[in-house]
Amino acid sequence: MDHTLVIVESPTKAKTIRKFLPSNYEVLASMGHVRDLPKGAAEIPAAVKKEKWSRIGVNTTEDFEPLYIVPKDKKKVVKELKDALKGATQLLLATDEDREGESISWHLLQILKPKIPTKRMVFHEITKKAINKALDQTREIDMELVQAQETRRILDRLFGYELSPLLWKKVAPRLSAGRVQSVSVRLLVRRERERRSFKKASYWGIRASLVKDNVTFETKLFSLNGQRISNGADFDEQTGKLKQGNKSLIIGEEKVNDLLNTFSSEDWLVSKIEKKPSTRKPVPPFTTSTLQQEANRKLRLSARETMRCAQGLYERGFITYMRTDSVHLSEQATRAARECVSSMYGKEYLSNSPRKFNSTARNAQEAHEAIRPAGEVFKTPKETNLTGRDLSLYDLIWKRTVASQMAEARLTMINAEISVGDGLFKSSGKSIDFAGFFRAYVEGSDDPSSSLEQQEIILPNLTTGTCLEVTNKESTFHETKPPARYTEAALVKVLEKEGIGRPSTYASIIGTIVDRGYANLSSNTLAPTFTAFAVTALLEEHFPDLVDTTFTAKMESSLDEISSGNLEWLPYLETFYKGKNGLEVKVQKTEGDIDGKAYRQVDFEDLPCVVRIGSNGPWLEGTKIDESGNEIQAKGNLPMDITPGDLDIRQVDQILSGPSDLGTDPKTGEKVFLRFGPYGPYVQLGNNDQDKAKPRRASLPKELRTDDLTLDEALVLLSLPRLLGVHPEGGVVEADRGRFGPYIKWIKNENESENRSLKKEDDVFTVDIKRALEILAMPKMGRGGQEVLKDFGKPKEFKEKIQILNGRYGVYLKCGKTNVSIAKDTELEKFSLDDAIFLLEEKLKDKKGSISKKTKISNKKTTSKKKS
DNA sequence: CAGTGAGCGAGCTTCCGCTTGACTT
């Protein structure tokens, strides 16, 4: 009997299309991609681990051959698909018809290796008609589209896995770089630089309230003797002065008061009235990006919260797919939306003909519809029985979809000019003649019905020459504001406009840059960190093309050419990676060139200090004048909530002006100071005094920061060394912290003492004499002092004995200078001499291999040998 | 600009995009 297996991406899609297929069709989900490049060391197969390129997962010496593996969390899915295939007579691959979807189908083909007839099937609407049509029009996999995806994947891998290690070396470990994240971070950094260099400008204006026919309206001074009065837009943000060539007039406080006086004795005459009809069109239905932006603005949801909520609505059948870049509505959806309009608002609120929208974003792939209420008849928000956040989000989606099929709003814009002596005032009014789609939805506004009134600015009926009564007039003071930091919504908007990132990734991009310590999210605002400044400076200087906002757009157009057969993928990647200006060469050059310290440093032209990126957060380093009037170096941690744009001279002075006084020790009555020495920050009890003994000092452990250090913390540090008790063999035992961390000291007598480092599980402040004696009883760590788990002795063919030792990094095998780590779960009892010899020989081979590779590099231009 | 007790196998971190649950808190 015939049995067809259909594979789609998501379980929800599987469930939906199941309804439209014959009963002998089985639909399963792949859960997205089923194969990928190995993510890290744990996923690299042992067979290729020794290859130099294995870390990257792409064989850069053999035509960029990718190394694909099935990730752990996909093994189960793959097995289920394989099992289902066994009973099938036909396979249909029905993933999305975009680059990634085509690739998923191809990977499925590679893994499943079906021996039965296999076809590719695509549809854009889940209706009986569309699916039947798709069943009739199956095709083969589009290999050029798959090539384009693979090229994208490889390029992203090379970009990320070549640049990240460079940052580990030059800036800090565990940092990352990538095509999408690095540009995103750069956007934040550029905005923050603008905020730093922003110069405030201030100016004055005049506002008056006028009355006619009992209607009060506002007016503002526009010009004086024909010269326009300056407003915020006239000023240059970098200088705080008028932009070059700007002819507007800045008026100061004195002048404003003069004018107010003069105007008091003048007539306020209407000199010009202008009425202009105007219309507003509704915005298109939601894409992922616009949904995230509006939910952020109106519902205060983060991108991630929005997506989690939308996913829930999708799974329960309330809305269509939530990861899309399309603004398209299907015919039925358009009909359903129009039905809602007629029944809820009346036919006159319908647009004349069904409205169609085109995507404006770069790089749109449009495998789906816009995000809209699901079904052929839209449930009104009330009918859904949803509550809370779910209801709000559905309501938003419903309104936006319905509004998109509504009539234009018709407005009348009124401009009035009022002459007062030498001055000219302007007022503008706006009346809504027909609300149209405003009834349902206004972008950026919470409540469209109340905002209808807010949007109107009523002016009385004015005619030229009318004299107006002034009820109030006052001067107004204004200051220009620095450009605002990005909100999540604002960042997503730019990314989408530039074609950077995809609907499925917008939310996680923000997650990545926050996780890596490039930005902090506070009060809905993304503030870049000092690390972001340091990394961006490095990338801008050495890889300007890669962090250019147009890089992705250029890549996309190349990928389009690859998928249409007009460009070959291999030369494209070769140029990107191996070309004269290619990534590989530039990374190597940069590695050699840069003084790493220079990139762990952020300079500020306007501040007498540098910020250094330390292992424990950013540090401020500068100079100050000490008690004797000499200029000396000074340092300090930056408070956690300081962002580069906000750092000012006042804070710098405060951080650098030490010694900070932490308070008084209640026991001795002496003051406790925080100071900075050549080895870092430390605390000191009491003043330096020639006559007295040296004051007690203790350096700050890494975990403590100087900016929020408390007196109690300092006193605890100063309480060391702690006397633990007497040793049974004589002398006393103390616990202390030193150069190499916490340790115990057995002072046997005046000249003799023995020390041991404390173990990780011990705490220097709580360890007792019993434990100390235990540690002292252990053999001293050191040459040959490692714990021997097994000793194989010295076999004939070896010069040294072979041992299994237990060391800092776990269990390992040792023979002379050769060491090999042994896997954690190895049963040592069963571990034989042969096993040991095998591992040691493997390791030795490796060493030789790496030596010969090194020689190869130094003999420039030898052709690289094919691997055997 | 403070003052001090060693000795010594590494190996890993990271990208972007497609998808859900399975985990823990």
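The structure presented is a predicted model; accordingly, all values stated were derived computationally and were not measured. Chain letters run A, B, ... following the sequence lines, proteins first, then strands; residues in each count from 1.
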Inset, instruction - Mind checking A/S757 for me? I need base, sugar-phosphate or nothing, with any heavy atom below 4.0 Å counting as a touch. - result: base
Inset, instruction - Check whether any side-chain nitrogen or oxygen of A/R739 sits under 4.0 Å from OP1 or OP2 of B/dG5, and answer yes or no. - result: no
Legend entry - Basic-acidic side-chain contact under 4.0 Å: A/D96, A/K13: yes
Inset, instruction - State whether A/Q181 places a side-chain N or O below 4.0 Å from either non-bridging phosphate oxygen (OP1 or OP2) of B/dC16. - result: yes
N/O contacts under 3.5 Å, protein versus nucleotides 11-13 of chain B?
| from | atom 1 | to | atom 2 | distance (Å) |
| --- | --- | --- | --- | --- |
| B/dT13 | OP2 | A/A41 | N | 3.3 |
| B/dT13 | O2 | A/R174 | N | 3.1 |

Legend entry - Within residues 157-165 of chain A: residues closer than 4.0 Å to DNA chain B (heavy atoms): A/R157, A/G160, A/Y161, A/S164, A/P165
Inset, instruction - Indicate yes or no: does A/E734 engage A/R722 in a salt bridge with an N to O separation below 4.0 Å. - result: no
Inset, instruction - State whether the aromatic ring of A/Y682 stacks on the base of B/dA2, taking stacking to mean ring centres under 5.5 Å apart and ring planes under 30° to each other. - result: yes
Inset, instruction - Could you tell me how the ring of A/F576 sits relative to the ring of A/F159: parallel (under 30°), tilted (30 to 60°) or perpendicular (over 60°)? - result: parallel
Legend entry - Contacts of type salt bridge (Lys or Arg N to Asp or Glu O under 4.0 Å), residue A/R696, not counting sequence neighbours: none
Legend entry - Exceeds 12 heavy-atom contacts within 6.0 angstrom, atom NZ of A/K49: yes
Inset, instruction - Could you tell me whether the side chain of A/V58 reaches within less than 4.5 Å of the side chain of A/W53, counting heavy atoms only? - result: no
Legend entry - Pair assignment for DNA chain B - dot-bracket with | for other-strand partners, Watson-Crick or G-U under 3.5 Å: .........................
Protein-nucleotides 17-19 of chain B N/O pairs closer than 3.5 Å?
| from | atom 1 | to | atom 2 | distance (Å) |
| --- | --- | --- | --- | --- |
| B/dG17 | OP1 | A/R179 | NH2 | 3.1 |
| B/dG17 | OP2 | A/T505 | OG1 | 3.1 |
| B/dG17 | O4' | A/R152 | NH2 | 3.4 |
| B/dC18 | OP2 | A/S504 | OG | 2.5 |
| B/dC18 | O5' | A/S504 | OG | 3.4 |
| B/dC18 | O2 | A/H33 | N | 2.6 |
| B/dT19 | OP1 | A/Y321 | OH | 2.3 |
| B/dT19 | OP2 | A/Y321 | OH | 2.8 |
| B/dT19 | OP2 | A/R323 | NE | 2.8 |
| B/dT19 | O4' | A/G32 | N | 3.4 |

Inset, instruction - Could you check if a side-chain atom of A/T95 sits within less than 4.5 angstrom of a side-chain atom of A/E100, using non-hydrogen atoms only? - result: no
N/O donor to acceptor pairs below 3.5 angstrom from side-chain atoms of residues 741-748 of chain A, sequence neighbours left out:
| from | atom 1 | to | atom 2 | distance (Å) |
| --- | --- | --- | --- | --- |
| A/W746 | NE1 | A/G730 | O | 2.9 |
| A/K748 | NZ | A/E754 | OE1 | 3.0 |

Legend entry - Crowding at NZ, A/K671 (>12 non-hydrogen neighbours, <6.0 Å): no
